[in-house]
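Encoded as structure tokens, the structure appears first; notes follow it.
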Amino acid sequence: MKNNFLISFWRGNVKLPISYWIFGVILFPFIFVLDFSVFFIFNIINLHGILFFPYVIFWCVGTWRAAKKHTGKPPWASLTKLSVILIGGFFMTLFIYAQYL
């Protein structure tokens, strides 16, 4: 398990730009579309968010930990933490709201 990328990401051992830009900016829309696809294909209301909700948690934790370990310029780590709070909070609120629709 030493070489498992997902565990490395979860622990914050992936570089901050990769965890933020690749997993946050580039993969977020794909996971979101995939989640909606699963929701509409199976047409089960309780399935909404089954992929996206765990992904948001995974991304927030891994990116937050990567920001704590970041050794580059200090503002980037702080801005990343603020972004994780705002983005994670927004999507968690959206997910909770969608459960009551």
Side-chain angles (χ1 to χ4, degrees):
M1 275 209 191
K2 188 176 182 181
N3 295 327
N4 191 335
F5 183 77
L6 296 177
I7 292 174
S8 293
F9 184 87
W10 179 260
R11 292 180 179 162
N13 295 331
V14 175
K15 292 184 179 184
L16 183 60
I18 293 172
S19 63
Y20 184 82
W21 290 104
I22 302 295
F23 284 89
V25 175
I26 294 174
L27 286 182
F28 247 68
F30 291 111
I31 300 296
F32 191 72
V33 168
L34 182 63
D35 186 60
F36 268 132
S37 300
V38 168
F39 172 68
F40 284 118
I41 288 171
F42 293 108
N43 200 16
I44 301 172
I45 193 77
N46 293 338
L47 223 67
H48 182 66
I50 196 165
L51 299 173
F52 194 68
F53 182 67
Y55 183 77
V56 169
I57 293 172
F58 175 76
W59 176 79
C60 286
V61 170
T63 304
W64 185 275
R65 290 177 176 172
K68 285 176 66 174
K69 293 180 180 181
H70 183 64
T71 57
K73 296 183 178 181
W76 293 118
S78 299
L79 290 173
T80 299
K81 289 179 182 179
L82 177 64
S83 177
V84 165
I85 291 170
L86 295 175
I87 292 170
F90 172 75
F91 282 115
M92 292 303 165
T93 304
L94 184 67
F95 174 75
I96 292 169
Y97 178 73
Q99 296 302 311
Y100 292 105
L101 290 179

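We count residues from 1, following the sequence as given.
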- Query: According to a 4.5 Å side-chain heavy-atom criterion applied to Ile, Leu, Val, Met, Phe, Trp and Tyr, with indirect links allowed, do I85 and F23 form part of one hydrophobic cluster?
  - Reply: yes

- Within one Ile-Leu-Val-Met-Phe-Trp-Tyr cluster: F36 and V56, side-chain cutoff 4.5 Å: yes

- For K81, does the NZ atom sit with more than 12 other heavy atoms under 6.0 Å from it, leaving out its own atoms? yes

- Query: Out of curiosity, does I31 fall in the hydrophobic cluster containing F5 (side-chain heavy atoms, cut-off under 4.5 Å, transitive links)?
  - Reply: yes

- Message: To the nearest 0.5 Å, what is the distance between CZ on F90 and CG on L86?
- Response: 11.0 Å

- Message: If you count every heavy atom of other residues, nucleotides or ligands that lies below 6.0 Å from K69 atom NZ, does the total exceed 12?
- Response: yes

- Side-chain heavy atoms under 4.5 angstrom apart, residues restricted to Ile, Leu, Val, Met, Phe, Trp, Tyr: same cluster for I22 and F91? yes

- Report yes or no: does S83 contribute a side-chain atom to a donor-acceptor pair with the main-chain N or O of L79 at less than 3.5 Å? no

- Message: Under the rule for ring-ring contact (aromatic ring centres under 6.0 Å, His included), what residues qualify as partners of F30, not counting sequence neighbours?
- Response: none

- Query: Who are the ring-ring contact (aromatic ring centres under 6.0 Å, His included) partners of Y55, not counting sequence neighbours?
  - Reply: F28

N/O donor-acceptor pairs under 3.5 Å from side chains in residues 57-66, not counting sequence neighbours:
residue: W59; atom: NE1; partner: S19; partner atom: O; Å: 3.0
residue: W59; atom: NE1; partner: T63; partner atom: OG1; Å: 3.1
residue: T63; atom: OG1; partner: W59; partner atom: O; Å: 2.8
residue: R65; atom: NH1; partner: W10; partner atom: O; Å: 2.9

- Is it true that I18 and W76 fall in one hydrophobic cluster, defined by side-chain heavy atoms closer than 4.5 Å? no

- Message: Counting C-beta onward and ignoring hydrogens, is there a side-chain heavy-atom pair between F9 and L6 closer than 4.5 Å?
- Response: no

- Tell me, with the steps shown, if V25 and Y20 meet side chain to side chain contact (heavy atoms under 4.5 Å, CB included). CA-CA 7 Å; V25 175; Y20 184 82; 4.0 Å; yes

- Give, for atom OG1 of T80 and atom NZ of K68, the distance between the pair rounded to the nearest 0.5 Å. 14.0 Å

- Query: So how far is it from L34 CG to L27 CG, rounded to the nearest 0.5 Å?
  - Reply: 11.0 Å

- Item | Spatial distance of atom NZ (K73) from atom CG (L16) [nearest 0.5 Å] | 13.5 Å

